[in-house]
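Computed from a predicted model, the values in this text were never measured in an experiment. For the numbers below, each heavy atom of this structure counts, side chains included, while hydrogens, waters and symmetry mates do not.
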Number of protein chains: 2
Amino acid sequence: MDIRTLCLGILTMGDATGYEIKKTFEDRLDLIFHASYGSIYPALNKLTEEGLVSCREFSQEKRPDKKIYSITANGRYQFFDAIMKKPAADRFRSEFLATLMFSHLLPASAISEFIDDRIKDRLQKIASMADECGSKQTVREQFLCNFGLTMYQAEIDYLQDNRHLLEADALMGTRAAE
Amino acid sequence: MDIRTLCLGILTMGDATGYEIKKTFEDRLDLIFHASYGSIYPALNKLTEEGLVSCREFSQEKRPDKKIYSITANGRYQFFDAIMKKPAADRFRSEFLATLMFSHLLPASAISEFIDDRIKDRLQKIASMADECGSKQTVREQFLCNFGLTMYQAEIDYLQDNRHLLEADALMGTRAAE
DNA sequence: AATCACATGTAAGGCGTTACATGATTGG
DNA sequence: CCAATCATGTAACGCCTTACATGTGATT
């Protein structure tokens with residue numbers, strides 16, 4: 001599933017401009033996908049060529065023409081096909097965890113600081129999401145939002161309960177090196 | 001942090017060939033990073049050019065020459081610099097969750113099936129990791145392994161506790177469409 | 001005075017995968 | 001007999017980001 005396909009999916013929820021699609025990625029899909037204009041606009045052009053979306057143009061004064069995209073019957077069909085396939089595995093990459101894997105090279109203070117920062121970051125995300133979750137318009141979005149909250153909280157709990165293992169290990173390393 | 005840097009990190013744990021580095025990615029970093037030969041071998045060549053690793057060649061009969069890489073002092077210094085920087089945000093992408101976000105287009109049976117499959121997959125991962133976690137050699141690796149276990153379990157719990165919301169919503173959609 | 005919201009796009013480049021190319025040895 | 005392990009590498013391509021290019025109007 002690429003961004004081209006996701007754009008198609010977003011258009012199943014209603015017509016939109018490229019600009020609005022970008023916002024939808026930010027507001028509704030931020031937890032699971034990201035997309036920049038540099039991938040959205042070319043994707044929409046390609047989808048138009050392929051007849052999966054159609055485009056109406058509205059000329060505006062003092063702004064670029066606004067192009068409102070709609071998904072076509074064929075587009076709906078193709079998107080349905082895409083999501084009926086078994087979803088590919090998640091792609092996950094974490095510099096934070098990678099750093100901890102090499103923490104034998106770090107001073108104990110740095111390890112503690114990274115973990116503190118991580119917990120702060122997660123707490124902050126939880127704080128800003130907690131409000132949003134309630135006001136999501138669809139059950140699906142609420143489900144995803146609460147999924148995110150749950151995972152962030154699980155991470156905080158794990159870090160708080162187990163950080164001492166890493167920190168103790170780092171201090172032993174320090175002593176051994178003396 | 002790119003794969004080039006990670007190769008450097010792996011070499012801080014001991015000399016290795018490109019082949020062995022690939023295995024290290026699979027055995028020890030699978031949860032947080034992936035790398036193919038197509039990125040590892042060019043990375044090692046580049047690191048060699050830059051003087052961050054050195055390379056001894058051993059000719060073997062009936063096999064390509066084995067190249068054993070070692071990190072240099074300069075390499076260690078550069079890697080230290082890399083991990084002392086504030087880690088960049090995680091990159092996460094989930095087709096599974098994306099599919100659920102568009103589940104208004106799916107029959108309720110498909111939603112249930114996807115969730116069942118996901119839970120099965122997570123259970124399987126937990127099963128195969130549970131043994132491994134205990135036998136990891138460093139505290140850091142154990143920490144990461146248990147982190148993975150915890151997150152997978154949190155996901156299973158969330159899905160089991162909340163799937164009915166999504167499934168009920170899907171059935172309502174079916175009825176509304178009739 | 002500055003920043004955000006609106007609105008579209010391109011070009012260059014980064015980063016990485018997949019598939020290809022080659023081939024012996026060992027274990028099930 | 002087939003798959004896995006050992007061992008290196010390249011070429012083509014995919015996918016996406018960043019930075020650039022342009023500009024108005026409203027809000028702070």
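- The closest side-chain donor-acceptor pair between Q153(A) and D157(A) falls under 3.5 angstrom.
- Whole-Å rounding puts the D65(A) CG to dC6(C) P distance at 18 Å.
- Of all nucleotides listed (dC16(D), dG16(C), dC6(D)), dG16(C) comes nearest to the side chain of R93(A).
- Taking atom CD of residue E26(A) and atom P of nucleotide dT17(D), one finds them 11 Å apart after rounding to whole Å.
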> ring-ring contact (aromatic ring centres under 6.0 Å, His included) between Y158(B) and F143(A): does it pass, once the steps are laid out?
Replying inline: CA-CA 10 Å; Y158(B) 182 82; F143(A) 182 90; 5.2 Å; yes
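- Side chain of E95(B) to main chain of A88(A): a donor-acceptor pair is present (N/O by atom type, distance under 3.5 Å, no hydrogens or angles).
- When the side-chain nitrogen and oxygen atoms of S39(B) are compared with OP1 and OP2 of dT17(C), one or more of them lie within a distance under 4.0 Å.
- Here T17(B) reaches the OP1 or OP2 of dT8(D): one of its side-chain N or O atoms lies under 4.0 Å away.
- For D27(B) and dA4(D), the CG to P distance is 16 Å, given to the nearest whole Å.
- Y19(A) has a side-chain polar atom (N or O) that falls below the 4.0 Å cut-off from OP1 or OP2 of dC6(C).
- Minimum atom distance to the side chain of K66(B) is reached by dA7(D), of the listed dG9(D), dT17(D), dA7(D).
- Listed candidates were dT8(C), dT18(D), dG9(D). Nearest to the side chain of S36(A) is dT18(D).
- At the phosphate of dG16(C), neither OP1 nor OP2 sits under 4.0 Å from any side-chain N or O atom of R4(B).
- The only member of K22(A), K23(A), R28(A) that meets salt bridge (Lys or Arg N to Asp or Glu O under 4.0 Å) when paired with E26(A) is K22(A).
- Separating the NZ atom of K46(B) from the C1' atom of dG16(C) is a distance of 14 Å, rounded to the nearest angstrom.
- Taking atom CG of residue L47(B) and atom P of nucleotide dG9(D), one finds them 13 Å apart after rounding to whole Å.
- An OP1 or OP2 oxygen of dC6(C) is reached within less than 4.0 angstrom by no side-chain nitrogen or oxygen of K22(A).
- If you measure from atom CG of L6(B) to atom C1' of dC15(C), you get 13 Å, rounded to the nearest angstrom.
- Of the candidate nucleotides dT18(D), dT10(C), dG9(D), dT10(C) has the atom lying nearest to any side-chain atom of Y41(A).
- Atom-to-atom, CZ of F25(B) to C1' of dG16(C) comes out at 12 Å; the value is rounded to the nearest Å.
- Base contact: G38(B) has a heavy atom under 4.0 Å from a base atom.
- For dC6(C), the OP1/OP2 oxygens have a side-chain nitrogen or oxygen of K23(A) closer than 4.0 Å.
- The interatomic distance linking Y37(A) (OH) with dA5(C) (P) rounds to 10 Å, in whole Å.
- Nearest nucleotide to the I3(B) side chain, out of dC15(D), dT8(C), dG16(C): dG16(C).
- With hydrogens and angles disregarded, no donor-acceptor distance shorter than 3.5 Å links the side chain of D169(B) to the backbone of L165(B).
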